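Each chain gets a letter, A, B and so on, in the order the sequences are listed, and its residues count up from 1. None of these values were measured; they are calculated from a predicted model.
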2 protein chains.
Amino acid sequence: MTGQRSPEKLLAEHNIKPSYQRLKVMEYLSSRRNHPTVDEIHRALVQDIPTLSKTTVYNTLTLFARANLVRRVIVDDSEAHYDVLTDCHGHFKCDSCGRIYDFPLGSDLLGEEGLASFEIRERNVYYRGICSTCRD
Amino acid sequence: MTGQRSPEKLLAEHNIKPSYQRLKVMEYLSSRRNHPTVDEIHRALVQDIPTLSKTTVYNTLTLFARANLVRRVIVDDSEAHYDVLTDCHGHFKCDSCGRIYDFPLGSDLLGEEGLASFEIRERNVYYRGICSTCRD
DNA sequence: ATATGTGCAAACTGTTTGCAGCCGC
DNA sequence: GCGGCTGCAAACAGTTTGCACATAT
């Protein structure tokens, strides 16, 4: 059972030097799994680290993404969102409240027959609509 | 059998005034179904319409998208692609050649149980990887 | 004559890059 | 002391906006 590794361990396993800002970013991502944007992460962390720059958040996330520690999620034309969960799941973005929900994805379900002999490296599935809370 | 309507008809059906540039954009989209970017459309059409501005292409595509004549396809973090086919299909982008392939999508296949009582308005499915041509 | 489409230029936004200074080992 | 992390400022790319001119009916 691998479960929830600590930010320190995660970084160590991927040979990433555990600087204070990196640890904080990873900590933020793994606690609140809100698919935050760069801006949200930055706004949240500047409180503890007043000198934190957005550049560092960008650098850090790019680094994490290359190491497959996080995934850049496109649910939205404008900003990129980041997700620590690397297992295969879809995203649903509510047009009304803007919240992003995860939903499980079966493995081989889609019409992937059409992609025989293609090497699939990444699957992105995102829906848009109105969530149950906003419909009430 | 509805099949291929002419650009004129398509625009008329959606109460869109058939200006020269609009017709040309629609014509381009429906002939080469290449999921072109704004830039590609513009580059292609300036040849016939030397005064054509990108702004007009943007305006036109936004107009078409609102009328559900085209779909904005996000397969790529940077530029938006446009697609006349509004039926449900997935996109595969080759990391090597950059080409975008369509593939059919079954209807209710995914793990959508998790989204019971959500109102799904739009499904986006895109994969990344290496296409069969580039693997050889 | 009026409403609407077009296109230039400038603004905007998210992201990237260059580079000087700083910190930890 | 050295490698490399940080963060400012400037560059960048795609897109949007403001506005004057052109165009069609």
- Aromatic plane relationship, B:F103 with B:Y127 - under 30° parallel, 30 to 60° tilted, over 60° perpendicular: tilted
- Message: Show the nearest heavy-atom pair for residues B:A80 and B:R72, with the distance to one decimal.
- Response: CB-NE, 3.5 Å
- Check the distance between C:dT16's C1' and A:R66's CZ and give it to me in whole angstrom. 11 Å
- Please tell me if the side chains of A:E13 and A:R5 come closer than 4.5 Å, counting only heavy atoms from C-beta onward. yes
- A:H14 side chain to A:A12 main-chain N or O, any donor-acceptor pair under 3.5 Å? no
- Task: May I have the distance from A:L61 (atom CG) to C:dG14 (atom C1'), rounded to whole angstrom?
- Result: 13 Å
- Query: Does the distance from a Lys or Arg side-chain N to an Asp or Glu carboxylate O, for B:D95 and A:R121, drop under 4.0 Å?
  - Reply: yes
- Kindly write out the residues that satisfy ring-ring contact (aromatic ring centres under 6.0 Å, His included) with A:F64, not counting sequence neighbours, or none if the list is empty. none
- First and last nucleotide of DNA chain D touching chain B, 5' to 3', heavy-atom cut-off 4.0 Å? D:dG14 to D:dT17
- Message: By the definition salt bridge (Lys or Arg N to Asp or Glu O under 4.0 Å), identify the one residue from B:R128, B:R99, B:K93 that meets it with B:D76.
- Response: B:K93
- Taking the six-membered ring for Trp, are the ring centroids of A:F92 and B:F118 within less than 6.0 Å of each other? yes
So which protein N/O to nucleotides 3-8 of chain C N/O distances come out below 3.5 Å?
| unit_1 | atom_1 | unit_2 | atom_2 | d |
| --- | --- | --- | --- | --- |
| C:dG5 | O5' | B:R22 | NH2 | 3.0 |
| C:dT6 | OP1 | B:S19 | OG | 2.5 |
| C:dT6 | O3' | B:Q21 | NE2 | 3.4 |
| C:dG7 | OP1 | B:T51 | O | 3.1 |
| C:dG7 | OP1 | B:T51 | OG1 | 2.8 |
| C:dG7 | OP2 | B:S53 | N | 3.4 |
| C:dG7 | OP2 | B:T56 | OG1 | 2.9 |
| C:dG7 | O5' | B:T51 | O | 3.3 |
| C:dC8 | N4 | B:T55 | OG1 | 3.3 |

